[in-house]
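One structure is given below, encoded as structure tokens.
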Protein chains: 2
Amino acid sequence: MKELIEKYREIGFKLTPQRLAILRFLKGNTSHPTAENIYRQIKEVYPTVSFATVYNTLQALVDRGEVTEVTIDSQKRHFDPYPKPHHHIICIECNKIGDVFKDYSDALKLPKNILKEFKPVRNHINFYGICRECQKIGGIKYGNMSKSRAGCREF
Amino acid sequence: MKELIEKYREIGFKLTPQRLAILRFLKGNTSHPTAENIYRQIKEVYPTVSFATVYNTLQALVDRGEVTEVTIDSQKRHFDPYPKPHHHIICIECNKIGDVFKDYSDALKLPKNILKEFKPVRNHINFYGICRECQKIGGIKYGNMSKSRAGCREF
DNA sequence: TACAAATTTAGAATTATTATTATTTAAAAA
DNA sequence: TTTTTAAATAATAATAATTCTAAATTTGTA
């Protein structure tokens with residue numbers, strides 16, 4: 001944990017116990033938590049922690065490139081603490097998210113008309129599919145899956 | 001416009017003047033409007049139109065696969081009325097969105113471990129880059145670009 | 001230790017979206 | 001054409017996620 005502390009001090013990140021708790025929670029985490037997910041966790045250790053602190057810290061981490069934002073959900077922001085670039089696959093039935101560790105950049109040449117307008121920087125792929133649990137359940141469709149579908153974890 | 005009317009009746013879509021106005025606005029539209037963008041437009045023709053109608057109609061169109069949702073913005077939903085599958089490129093400075101009409105599917109083979117867990121259905125790529133106007137402006141960074149940056153349209 | 005700047009908290013405010021309900025209307029039936 | 005009825009509309013309230021505010025506290029440094 002010492003490297004963590006050093007590292008963040010270096011980038012001008014003032015370390016408070018709350019922030020440290022958030023960093024601990026995020027370190028090595030391969031889920032895609034929302035601010036609320038994090039807030040609940042931190043509250044176990046710091047019962048007085050506020051949402052503002054969670055949002056502030058997340059924003060600071062995003063600004064510093066230490067955490068990215070996953071654009072999969074139009075309802076709420078999901079954060080991705082895993083540092084290496086990767087893509088995602090989302091179950092269209094239950095919204096479960098998986099990480100896809102493969103670099104497709106070589107295959108992703110942009111058309112000329114786009115290259116005239118944009119200087120490319122990076123790319124991110126959302127794959128959509130049906131997870132094993134939802135394949136088992138079969139073709140039944142629910143109105144709002146992510147809330148209730150058995151067998152699939154919330155994302 | 002007649003085909004539009006027939007088409008939507010066929011799929012069990014009750015046609016009201018408000019909906020027709022929304023359909024007219026969306027037809028051939030290559031922008032990525034929010035519900036509010038659409039609401040403002042429709043209000044010019046139907047000053048009493050309500051947000052609920054806009055959302056209801058959009059949801060009905062999304063459910064029927066006539067309109068898709070673009071996952072680029074965690075603040076609000078953006079809709080994409082252009083019917084053919086395509087990808088997007090987003091300017092990381094001003095948030096301008098461009099359409100990328102190229103099918104990369106052949107190159108996007110998923111790793112085996114993912115294929116064990118998910119049956120793939122489709123994919124969508126977000127390219128990120130810097131648009132020509134923002135390249136001109138150069139390295140200056142603003143806190144919230146999309147609101148003010150000159151030369152770049154709002155997305 | 002003392003200080004300045006940054007951070008925290010609680011709560012209010014804001015914004016996007018969804019839900020509610022009485023009224024109206026489109027489209028099918030008579 | 002008129003009647004019927006199921007669905008859609010509009011106004012408004014409700015909800016949920018996120019941001020803002022301001023006073024109190026804390027961090028890292030001098």
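Naming convention: chains lettered A, B, ... in sequence-line order (proteins, then strands); numbering from 1 in each chain. Hydrogens, waters and symmetry mates play no part in the numbers below; they use all other heavy atoms, side chains included.
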In one Ile/Leu/Val/Met/Phe/Trp/Tyr side-chain cluster, 4.5 Å: [X], [Y]:
X: A:Ile89; Y: B:Val121; result: no
X: B:Phe127; Y: B:Ile97; result: no
X: B:Phe51; Y: B:Val45; result: yes

Distance check: side-chain N/O of A:Gln18 vs OP1/OP2 of D:dT26, anything under 4.0 Å?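 It does not, given that no N or O in the side chain of A:Gln18 lies less than 4.0 Å from OP1 or OP2 of D:dT26.
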Main-chain N/O of [Y] paired to [X] side chain as donor or acceptor, under 3.5 Å:
X: B:Thr57; Y: B:Thr53; value: yes
X: B:Asn126; Y: B:Thr71; value: yes
X: A:Arg19; Y: A:Lys14; value: yes
X: A:Lys43; Y: A:Ile38; value: no

How long is the gap from CG on A:Leu110 to CG on A:Leu115, to the nearest 0.5 Å?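 If I round to the nearest 0.5 Å, the distance is 5.0 Å.
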Atom [atom1] of [X] to atom [atom2] of [N]: distance rounded to whole Å?
X: B:Tyr46; N: D:dT9; atom1: OH; atom2: C1'; answer: 12 Å
X: B:Leu58; N: D:dA8; atom1: CG; atom2: P; answer: 14 Å
X: B:Ile42; N: D:dT9; atom1: CD1; atom2: C1'; answer: 14 Å
X: A:Ile22; N: C:dT7; atom1: CD1; atom2: P; answer: 12 Å
X: A:Leu20; N: D:dT27; atom1: CG; atom2: P; answer: 11 Å
X: A:Asp73; N: C:dT17; atom1: CG; atom2: C1'; answer: 13 Å
X: B:Asn56; N: C:dT20; atom1: CG; atom2: C1'; answer: 12 Å
X: B:Ile38; N: C:dA16; atom1: CD1; atom2: C1'; answer: 14 Å

Check for me whether the distance between the ring centres of B:Tyr82 and B:Phe101 falls short of 6.0 Å.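 For B:Tyr82 and B:Phe101, the ring centres are under 6.0 Å apart.
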Over its full length, what angle do the end axes of the helix from C:dT1-D:dA30 to C:dA30-D:dT1 make, each axis taken from five pairs and the result rounded to 10 degrees?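 Rounded to the nearest 10 degrees, the bend comes out at 30°.
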Taking all non-hydrogen atoms of both residues into account, name the closest pair between B:His124 and B:His86 and its distance.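 Residues B:His124 and B:His86, closest heavy atoms: CD2-O, 3.4 Å.
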Base, sugar-phosphate, or nothing: which does B:Thr48 touch, judged by heavy atoms less than 4.0 Å apart?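 The answer is sugar-phosphate, as B:Thr48 gets under 4.0 Å only of primed atoms, P, OP1 or OP2.
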Let me have a per-nucleotide readout for nucleotides 24-30 of chain C, 5' to 3', with B, S or -, counting only protein heavy atoms under 4.0 Å. --BS---
Per-nucleotide protein contact string for nucleotides 13-20 of chain D, where B marks a base within reach and S marks sugar-phosphate only (heavy atoms under 4.0 Å, - for neither): ----SSBB
A cation-pi test, strictly: NZ or CZ of B:Arg64 under 6.0 Å from the centre of the six-membered ring of B:Phe13 and no more than 45 degrees from its axis. Yes or no?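 Here B:Arg64 fails the 6.0 Å and 45° test against B:Phe13.
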